[in-house]
Amino acid sequence: MAQTPVCLYSAEQIAARVAELGGEIRRRFGDTRLTLLGILKGSAIFTADLARHVGEPAELSFVNARSYGRGTVSSGHVRLGQLEEEVLKDRTVVVADTILDTGRTLATVVDRVHEVGAYDVFTCVLLDKTARREIDLAPDLVGFAVPDKFLVGYGLDHAGRYRALPYIGCLGEDGQ
Ligand code: IMP
Ligand code: MG
């Protein structure tokens with residue numbers, strides 16, 4: 001039976017940190033041709049909240065990525081959907097991801113964004129699971145450094161569940 005995740009970051013804590021991250025992006029990149037690129041599905045909610053703190057005239061784009069299947073351990077192989085090249089080419093692109101784990105997903109997206117001709121590429125992650133990094137990748141902006149636990153809520157799922165939780169919580173060892 002599904003358990004109630006234990007709260008790690010409340011909706012209020014998340015909102016405060018996302019506001020700071022959005023403000024920082026606005027300060028650093030607000031005078032460039034900026035596109036925020038969210039990684040679906042897990043970063044839909046984070047990217048939408050972030051975008052409203054970055055404000056106009058940033059453009060918004062999304063790309064689909066899959067690496068987990070239905071488990072709690074990355075399959076190691078990242079499959080990316082189509083990139084919206086016309087809003088990435090010659091732009092400053094900030095790639096937003098809710099959680100950075102091994103680093104494979106973000107590294108794959110960053111490489112592809114360079115390939116389609118972005119002017120410059122930066123990364124913003126809300127949660128950084130530093131202990132599990134397999135790719136040498138340091139995000140430009142980090143919301144919270146988090147322990148090596150499987151987290152759900154605020155867009156993050158386990159087998160499709162919990163994305164709509166307003167807080168970020170952790171599940172037990174077996175993901176149940
Ligand atoms: P990476 O490619 O191993 O860095 O994994 C990044 C992606 O895996 C994220 O965009 C999430 O979709 C997913 N992921 C990693 N850790 C978690 C977690 O603790 N909970 C839910 N999804 C996660
Ligand atoms: Mg997932």
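Order of appearance sets the numbers: ligands from 1, and atoms from 1 within every ligand. These numbers come from a predicted model, not from an experiment.
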Quick one: pull up OG1 in T32 and CG in D120 and give me the separation to the nearest 0.5 Å.
-> 9.0 Å
Inter-residue atom distance L34.CG - F122.CZ, 0.5 Å rounding = 10.0 Å
Of the side chain and backbone of D97, name the one, both, or neither that has a heavy atom under 4.0 Å from an atom of ligand 1.
-> side chain
Mind checking whether H158 and F150 have parallel, tilted or perpendicular rings, split at 30° and 60°?
-> perpendicular
Taking it one step at a time, do D97 and V109 satisfy side chain to side chain contact (heavy atoms under 4.5 Å, CB included)?
-> CA-CA 10 Å; D97 206 355; V109 172; over 6 Å; no
Which pairs would a plain distance check flag for residues 51-59, meaning a side-chain donor or acceptor within less than 3.5 Å of a matching protein atom at least two apart in sequence or in another chain?
| unit_1 | atom_1 | unit_2 | atom_2 | d |
| --- | --- | --- | --- | --- |
| R52 | NE | A48 | O | 3.1 |
| R52 | NH2 | D49 | OD1 | 2.7 |
| E59 | OE2 | R91 | NH1 | 3.3 |

Considering only heavy atoms of G103, which atoms of ligand 1 have at least one such atom less than 4.0 Å away?
-> 1 (P), 3 (O), 4 (O)
Just give me the atom name: the N, O or S atom of D157 closest to the Mg ion (ligand 2).
-> OD1
Rounded to the nearest 0.5 Å, what separation is found between the CZ atom of R133 and the CG atom of D128?
-> 4.0 Å
Provide the number and element of each atom of ligand 1 under 4.0 Å from a heavy atom of T102.
-> 1 (P), 2 (O), 3 (O), 4 (O)
Determine, considering heavy atoms only, which of L151, L156, T98, D128 sits nearest to atom 20 (N) of ligand 1.
-> L151
Using heavy-atom distances, let me know which of I99, L40, D157, I39 sits nearest atom 9 (C) of ligand 1.
-> I99
Which atoms of ligand 1 have any heavy atom of K149 under 4.0 Å away?
-> 19 (O)
Residue K129 vicinity, atoms of ligand 1 by number, heavy atom under 4.0 Å = 16 (N), 17 (C), 18 (C), 19 (O)
